[in-house]
Amino acid sequence: MAKDLIDIFLDFTLQPILDAIFTDDYKGKYGEKLTENELKKVSFFGRKGEILRNVYIPKDNGETSEIDVLFISQKGIFVFESKNYSGWIFGNEKDQYWTTCLAGGQKNRFYNPIKQNRAHLKWLSNSLTAEGFEVPLFSIIVFSERCELKKITTYSDDIVVIKRDKTYKTVKHIWDSSADVLSDEQVELIYEKLKLYTNVDEAVKAAHVQNIENRYKKESNDPVVSDYSGEDLLCPWCGNKLVLRTAKKGQNAGKQFYGCSAFPQCRYIKNESKA
């Protein structure tokens with residue numbers, strides 16, 4: 001269904017203002033909260049489940065995998081990756097990165113959320129198996145209602161990519177076509193165990209963000225710089241991508257800095273420690 005006039009007005013007037021005021025972290029958490037609200041509607045209309053947000057599942061290497069939203073039910077666990085982007089969204093299941101196109105032609109890349117959620121499912125399954133649970137996991141990628149899923153190509157039957165207002169319908173469809181595999185007592189037990197992974201201290205959260213930043217920095221001379229969500233960081237002067245470089249001469253020789261990829265036309269630079 002096409003957007004109504006109010007949605008279009010918000011995209012081209014209010015949204016740029018919100019994007020300028022609020023950080024990516026704030027917008028991400030807000031999107032997760034909206035997804036949680038949609039799941040509360042699911043529970044209200046008879047499909048009961050327990051909801052958890054920001055679940056830091058441990059990995060084998062001592063790092064963590066952060067899951068945005070979980071809905072634990074008798075049918076299994078619905079695992080949500082929430083993306084609170086606006087604009088047109090283009091993506092292919094096999095690609096490493098997807099693209100969002102904003103008003104004015106600005107394009108930003110972000111890490112493929114299907115691959116991102118597959119990693120979440122892997123570590124969640126490992127954690128549940130270690131506790132003695134074999135539970136079906138349903139992967140759902142949820143985008144903001146403000147965006148348009150312009151061209152999304154998937155090949156796997158177990159992948160669902162939707163806008164947030166389709167959450168209830170999607171969960172209902174999976175629910176009605178799936179058998180019960182957990183009792184109410186097992187749902188509560190899994191909820192209590194996974195809830196422990198939401199009560200992590202700030203050091204764990206900071207380490208998680210740092211590990212992701214390190215992972216997305218490519219090992220080339222001028223790697224494109226990404227934020228912790230996998231989206232390229234852009235030059236505030238001209239809008240081109242920032243790259244990580246190393247000064248080769250002068251008093252700052254050997255030090256790293258962020259420079260605009262449009263150099264020498266654009267000479268914006270920022271010290272790495274301040275980025």
Side-chain angles (χ1 to χ4, degrees), residues 28-29 31-33 35-83 93 111-142 154 156-162 164 166-201 203-205 207-208 211-212 215:
K29 301 304 181 187
E32 293 159 14
K33 179 62 179 176
T35 300
E36 178 185 5
N37 291 343
E38 289 295 318
L39 291 173
K40 288 179 179 178
K41 297 177 186 177
V42 174
S43 287
F44 180 80
F45 287 105
R47 295 168 179 82
K48 302 294 184 182
E50 298 285 357
I51 302 170
L52 289 173
R53 286 173 53 201
N54 306 124
V55 186
Y56 290 81
I57 303 295
K59 298 164 62 175
D60 289 346
N61 61 0
E63 297 178 6
T64 56
S65 181
E66 184 188 6
I67 299 176
D68 290 339
V69 184
L70 289 179
F71 184 61
I72 308 164
S73 74
Q74 294 176 339
K75 307 295 181 176
I77 302 178
F78 296 81
V79 183
F80 290 85
E81 175 61 28
S82 178
K83 296 298 182 186
E93 177 185 338
Y111 185 66
N112 182 341
I114 293 176
K115 293 180 180 290
Q116 191 173 3
N117 219 31
R118 283 205 184 282
H120 295 161
L121 267 64
K122 171 186 174 181
W123 298 114
L124 176 59
S125 178
N126 287 356
S127 180
L128 291 169
T129 300
E131 296 286 350
F133 292 103
E134 294 291 338
V135 183
L137 303 178
F138 308 106
S139 177
I140 304 178
I141 314 301
V142 179
T154 61
S156 305
D157 294 335
D158 61 343
I159 292 172
V160 181
V161 182
I162 60 172
R164 190 177 294 117
K166 301 298 183 183
T167 301
Y168 174 83
K169 180 179 180 180
T170 300
V171 173
K172 178 179 181 298
H173 173 74
I174 296 174
W175 185 292
D176 292 345
S177 58
S178 303
D180 289 356
V181 294
L182 297 174
S183 66
D184 291 339
E185 291 76 15
Q186 289 174 315
V187 168
E188 189 63 26
L189 180 58
I190 292 174
Y191 168 75
E192 293 297 333
K193 288 184 179 296
L194 294 180
K195 186 178 180 181
L196 297 175
Y197 296 131
T198 66
N199 298 321
V200 298
D201 59 31
V204 173
K205 295 178 182 179
H208 175 80
N211 289 333
I212 294 180
R215 191 177 306 126

Can V79 and L124 be said to form a side-chain contact (heavy atoms from CB on, under 4.5 Å), step by step? CA-CA 9 Å; V79 183; L124 176 59; 3.8 Å; yes
Please report the shortest heavy-atom distance between [X] and [Y], naming the atom on each side.
| X | Y | result |
| --- | --- | --- |
| D68 | S82 | OD2-N, 2.8 Å |
| I57 | S127 | CG2-CB, 4.1 Å |
| L121 | S139 | CD2-CB, 3.9 Å |
| V187 | Q74 | CG2-N, 3.7 Å |
| L70 | I67 | CD2-CG2, 3.7 Å |
| V181 | P136 | CG2-CD, 3.6 Å |

Can you check whether [X] reaches [Y] side chain to side chain, under 4.5 Å on heavy atoms?
| X | Y | result |
| --- | --- | --- |
| V160 | V142 | no |
| F80 | L39 | yes |
| V135 | I72 | no |

Under 4.0 Å between a side-chain nitrogen and a carboxylate oxygen: does that hold for [X] and [Y]?
| X | Y | answer |
| --- | --- | --- |
| R118 | D158 | yes |
| D180 | K75 | yes |
| D184 | K48 | no |
| E81 | K83 | yes |

Polar side-chain atom of S178 near backbone of W175 as donor-acceptor pair, under 3.5 Å: no
Test Y168 against H173 for side-chain contact (heavy atoms from CB on, under 4.5 Å), laying out the working first. CA-CA 9 Å; Y168 174 83; H173 173 74; over 6 Å; no
Parallel, tilted or perpendicular: which fits the ring planes of F138 and F78, with parallel below 30° and perpendicular above 60°? tilted
Does the side-chain contact (heavy atoms from CB on, under 4.5 Å) test come out yes or no for T129 and E134, once each step is laid out? CA-CA 6 Å; T129 300; E134 294 291 338; 3.6 Å; yes
From CA spacing to verdict: side-chain contact (heavy atoms from CB on, under 4.5 Å), R47, D176: CA-CA 10 Å; R47 295 168 179 82; D176 292 345; 3.4 Å; yes
Just how far is it from atom CD1 of I141 to atom CD1 of I159, taken to the nearest 0.5 Å? 7.5 Å
Please report the interatomic distance OG1(T167) to NZ(K40), rounded to the nearest 0.5 Å. 14.0 Å
Which side-chain N or O atoms in residues 188-196 pair as donor and acceptor under 3.5 Å with protein atoms at least two apart or in another chain?
residue	atom	partner	partner atom	Å
K193	NZ	E131	OE1	3.4

Is a side-chain donor-acceptor pair under 3.5 Å present for E93 with S156? yes
We want to know whether T198 and R53 form a side-chain donor-acceptor pair, criterion being a heavy-atom distance below 3.5 angstrom. no
Less than 6.0 Å separating the ring centroids of Y197 and Y56? no
Using a 6.0 Å cut-off, check whether atom NZ of K115 has over 12 heavy atoms from anything other than its own residue. yes
